[in-house]
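Read the structure below first, then the notes.
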Amino acid sequence: NTLLSTQARAAVGLSLHNALVVIDEAHNVPEALRGLSSSRLTLPIIKAATEQLTAYTRKYASRLAGRNLFYLGQIRRCLTAMTKYLGKKPAVVGTSTSPQRLSTLAKSPPWLELLHHHRVTLHPK
């Protein structure tokens, strides 16, 4: 992954300028590239973000414009919806992506479709 990521190469001072790169197990490259451009949101991360957002809003509410408070409220509602979604138990025991859960995802609110479009995956763990 270090070789595929521009940021990782820059961090270690690796340049591919005028380099010939031979990759063993090249069939894994597409999945590795998808992994570089995707993110995982887990329930603990979303809960921590909610707590941090709440603390920030409480601390700075008197200094923020109404429009900014409105935007923070929208973010809080999205985080709350994600928390509820990830807090649901799977319909089929032992699976995190049951047919019923996939059906729910297909009928999901627009914010969830937007996350999917940007390759952000929600994971309960």
Side-chain angles (χ1 to χ4, degrees):
N1 285 343
T2 302
L3 188 63
L4 299 174
S5 169
T6 305
Q7 295 89 353
R9 286 195 315 268
V12 296
L14 178 64
S15 172
L16 295 181
H17 184 69
N18 291 329
L20 173 64
V21 178
V22 178
I23 300 175
D24 188 21
E25 301 285 329
H27 63 276
N28 293 324
V29 170
E31 182 62 30
L33 290 172
R34 278 190 294 276
L36 290 174
S37 63
S38 65
S39 302
R40 289 185 109 166
L41 284 176
T42 62
L43 190 54
I45 291 171
I46 293 171
K47 285 181 177 182
T50 304
E51 290 171 10
Q52 291 171 4
L53 179 65
T54 301
Y56 177 87
T57 304
R58 284 184 183 144
K59 184 172 183 174
Y60 296 107
S62 63
R63 299 185 207 174
L64 296 171
R67 176 183 47 183
N68 293 339
L69 289 171
F70 173 77
Y71 293 145
L72 292 174
Q74 286 183 319
I75 294 169
R76 183 183 45 76
R77 285 188 290 282
C78 286
L79 291 170
T80 300
M82 288 183 222
T83 300
K84 287 180 183 177
Y85 177 78
L86 290 175
K88 292 180 183 176
K89 296 205 184 292
V92 178
V93 177
T95 64
S96 61
T97 314
S98 66
Q100 185 176 7
R101 186 98 179 237
L102 289 174
S103 170
T104 302
L105 185 60
K107 299 173 188 171
S108 63
W111 61 264
L112 194 54
E113 292 172 18
L114 183 63
L115 289 177
H116 180 70
H117 174 73
H118 289 285
R119 294 188 177 140
V120 175
T121 308
L122 298 174
H123 293 275
K125 294 182 182 177

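Here the structure is a predicted model, which is why all the values come from computation and not from measurement. Just so it is clear, the values below take in all heavy atoms, side chains as well, and ignore hydrogens, waters and symmetry mates.
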Give the minimum heavy-atom separation between Val21 and Ile23, together with the two atoms involved.
CG1-CG1, 3.9 Å
Looking only at heavy atoms, what is the nearest atom pair of Pro30 and Ala26, with distance?
CD-O, 3.8 Å
Just how far is it from atom NZ of Lys47 to atom OG1 of Thr42, taken to the nearest 0.5 Å?
10.0 Å
Atom CD1 of Ile45 and atom OG1 of Thr83: how far apart are they, to the nearest 0.5 Å?
11.5 Å
Residue pair Cys78, Met82: steps toward the side-chain contact (heavy atoms from CB on, under 4.5 Å) verdict:
CA-CA 6 Å; Cys78 286; Met82 288 183 222; 4.2 Å; yes
Could you pull out all residues at least two apart from Leu53 that satisfy side-chain contact (heavy atoms from CB on, under 4.5 Å)?
Thr57, Leu72, Ile75, Arg76, Leu79
Partners of Asn68 by side-chain contact (heavy atoms from CB on, under 4.5 Å), sequence neighbours excluded?
Leu64, Ala65, Tyr71
Do the side chains of Val29 and Leu16 join up, straight or via other hydrophobic residues, at under 4.5 Å, putting them in one cluster?
yes
